Amino acid sequence: MSPSFDFIKNRFKPKSKFKPESSDQTERHPNSEGNNALDPDSNSDRYHQSELGLERSDRPDPQRLSEWSGKAISIEEATNRLRWIEEQKTTELVQQLSPIRDSAQASLQSIVDLASDLQNDEIKVENERFESAVENARSMVITSIMKDANTSFPEIGSYDDAIKFKDRLESLSNRFGQLTGSHSKLFNVFLKKYADKFRSEFADFSNLKKKASKSIENYDLDLDDTNACSQKVANLSSNLSSLRYSQERIASLSAEVAEVEKNIVQLTTRRREIEQSEEYKNHVLLESEFKELEKSKAEFREYVSDLFSHLNRAFSKYSYGVSKSVAAKIELLSSSPSEIFLNERETELDGPSASPSQVMERSKEDRERIETYRTLLIDIRGAVNKGTISLKDSDKVSAYLDRAIDLFPKIESRGWEIRQKAIIIRQKQNRKAFDSIKSLDDLIQRNESEIAEKKNLVAETKAAIEVKKKEIQDLTNECSNLLTEIIGQEKIITTAND
């Protein structure tokens, strides 16, 4: 047995199709008294009153356009007016769809009534073999209609409601079309008196779906320019915000540069004060003396190296079979003979702490140390002369050894003079002022690098601002042209205060 339709027969109030019920509410127009809620320049929280049943014609309100006098318009005003236009169009769409919704609801009730009549009607089937199939088909039709018609259409108050309404109309139209198609034999053979009625209702339902779809399609087309303009105005506002941020960034960077430059002036002043101090002047003088000393060392090394370079073969031959200490001395005579006399490692250690007597006189240990090298040269010369070591041109080598031994005291004396000078310079040196200058120079250099970096950022930001200004100008022109076309009155969007 098919389910009863008694509980839904009166679910929907019968209404004439395409004719909404009359309303006791007084009809109001945009130009009527007390309609300031639709003014786009009024508070935004009052815009929603435009959806409270206010009826408008398809033409722009002349009084409204007259209020929009003057060409200049701010971004905020443009946004409000575009929003108002969208709300007006949405209200018109709701007004167009409301009678369609009422008609669809009435049509749905008619379909429910037909299904109820079909449920209670007795179907005569001449051939008993088809009776069960016919009853099953009838039950399926009634059940399907009851399921699909179980919910009424909600009131339409917004664009989203309109889309949901259209989607449900399409879904029901498709279901009803499938219903008549899959049970065509039942309708054409056994339910002839219901067939035309169902088809008529289904056709009406399909027409309502087409009308709703067309209204929404027209709405979308009408708002294409408005939506495009709204998007461009939003982009313009975003670009202006970006421009303001860039300008603020330049101001911040410029302030930072000024602060760092002020710091450089202070550091430079401090550096100049240190340069003028006696402490620093003495350091500069000692640095000059130190450079001359380094030049004397280089000449001394070259002279001693040249003197001993002719003896390397004799040193090499003599080194066979000697003790480690003698071998170490021979190695120093071959590789760095000047170090024997300069003894720079000891000079560096003794310089700052050496007493005046240590500067004037060499220690006994140092004299004995150097004398061991002179004694070693004499021993090597004896080995060459005796033929203990075999050398080609031994006579020449012996002569070079004689010369080195003869000049040894002179070389030793010159080496000591250089050592004395190095110790005196190290004793007098005070690197505090020099280190302060170096520290200040490092700070100044870092600050100058920071300034260069920030100025580079300023230049890049200024270049980006110029590009942004061109984009803003182009976008402003596009928005102004679109807005002029939309509201039918020349408008120029101003960005000076945005």
Side-chain angles (χ1 to χ4, degrees), residues 40-41 44 70-83 225-277 279-280 283-284 287 431-486 490-498:
D41 295 325
S44 60
K71 294 182 180 181
I73 183 171
S74 68
I75 287 180
E76 183 180 2
E77 291 171 333
T79 301
N80 290 340
R81 293 179 184 184
L82 289 169
R83 186 186 298 116
D225 287 345
T226 302
N227 291 335
C229 189
S230 295
Q231 184 59 54
K232 288 183 181 293
V233 170
N235 292 342
L236 177 58
S237 179
S238 176
N239 282 356
L240 285 169
S241 296
S242 175
L243 178 63
R244 282 193 295 271
Y245 173 79
S246 297
Q247 291 169 336
E248 291 169 1
R249 180 62 175 150
I250 286 177
S252 176
L253 287 170
S254 299
E256 291 172 10
V257 167
E259 189 64 29
V260 177
E261 286 176 339
K262 181 180 177 182
N263 191 33
I264 288 179
V265 171
Q266 294 174 346
L267 292 172
T268 303
T269 301
R270 175 59 182 152
R271 188 185 191 284
R272 192 179 299 114
E273 290 173 354
I274 294 174
E275 282 182 328
Q276 293 172 354
S277 68
E279 189 177 330
Y280 184 75
H283 173 78
V284 172
E287 282 294 309
R431 294 184 59 86
K432 182 179 179 181
F434 173 79
D435 291 340
S436 296
I437 288 284
K438 187 176 185 305
S439 177
L440 289 171
D441 286 342
D442 290 341
L443 285 173
I444 291 171
Q445 184 178 2
R446 285 200 296 271
N447 285 340
E448 288 174 344
S449 298
E450 184 179 351
I451 287 175
E453 183 180 346
K454 290 183 184 298
K455 285 185 175 180
N456 186 49
L457 284 175
V458 168
E460 290 176 355
T461 306
K462 285 183 177 179
I465 282 178
E466 293 306 311
V467 175
K468 183 68 68 177
K469 284 182 177 178
K470 179 65 170 57
E471 293 176 358
I472 289 174
Q473 185 58 53
D474 292 343
L475 201 52
T476 301
N477 293 338
E478 292 175 14
C479 291
S480 299
N481 293 337
L482 268 175
L483 192 60
T484 297
E485 183 179 346
I486 290 167
E490 184 178 5
K491 290 294 173 185
I492 300 175
I493 292 182
T494 60
T495 60
N497 297 325
D498 291 301

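The model shown is predicted, which means the values in this text are computed figures rather than measured ones.
Formation of a donor-acceptor pair under 3.5 Å by the Ser254 side chain with backbone atoms of Ile250 is found in this model. Using a distance-only test at 3.5 Å, with no hydrogens or angles considered, no donor-acceptor pair links the side chain of Ser238 to the main chain of Ala234. For Asn456 (side chain) and Ala452 (main-chain N/O), no donor-acceptor pair under 3.5 Å exists by modelled atom type. At least one donor-acceptor pair under 3.5 Å links the side chain of Ser277 to the backbone N or O of Ile274. A distance-only check finds a donor-acceptor pair linking the side chain of Ser230 to the backbone of Thr226 [under 3.5 Å].
Put simply, OG1 on Thr268 and CG on Asn263 are 9.0 Å apart, with the number rounded to the nearest 0.5 Å. Separating the CG atom in Asn239 from the NZ atom in Lys468 is a distance of 4.0 Å, to the nearest 0.5 Å. Once rounded to the nearest 0.5 Å, the distance linking OG1 of Thr494 with CD1 of Ile75 reads 8.0 Å. The distance from atom OG of Ser241 to atom CZ of Arg244, rounded to the nearest 0.5 Å, is 4.0 Å. Distance check: Glu77 CD to Arg81 CZ gives 5.5 Å after rounding to the nearest 0.5 Å. Atom CD1 of Ile451 sits about 10.5 Å away from atom CD1 of Ile444, to the nearest 0.5 Å.
Between Cys229 and Cys479, the shortest heavy-atom distance links the atoms SG-O, 3.9 Å. Taking each heavy atom of Leu483 and Ala78 in turn, the nearest pair found is CD2-CB, 3.9 Å. Closest approach of Leu236 to Leu475, counting heavy atoms only: N-CD2, 3.4 Å.
Comment: Lys454 does not engage Glu261 in a salt bridge, judged by the lack of any side-chain N to carboxylate O separation of less than 4.0 angstrom. Taking a cutoff of 4.0 Å between a charged side-chain nitrogen and a carboxylate oxygen, Glu273 and Arg270 qualify as a salt bridge.
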Where do Asn235 and Gln231 land on the side chain to side chain donor-acceptor pair (under 3.5 Å) test, with the steps shown first?
CA-CA 6 Å; Asn235 292 342; Gln231 184 59 54; 3.1 Å; yes

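Screening Leu240, Ile492, Ile493, Asn481 for a side chain to side chain contact (heavy atoms under 4.5 Å, CB included) involving Thr476 leaves a single residue, Ile493.
For Glu76 and Asn80, the side-chain atoms include no donor-acceptor pair closer than 3.5 Å.
Identified under the side-chain hydrogen bond (donor to acceptor under 3.5 Å, both in side chains) test for residues 438-453, with sequence neighbours left out: Arg271-Asp441.
Residues passing the side-chain contact (heavy atoms from CB on, under 4.5 Å) test with Ser252 are Arg249, Glu256, sequence neighbours excluded.
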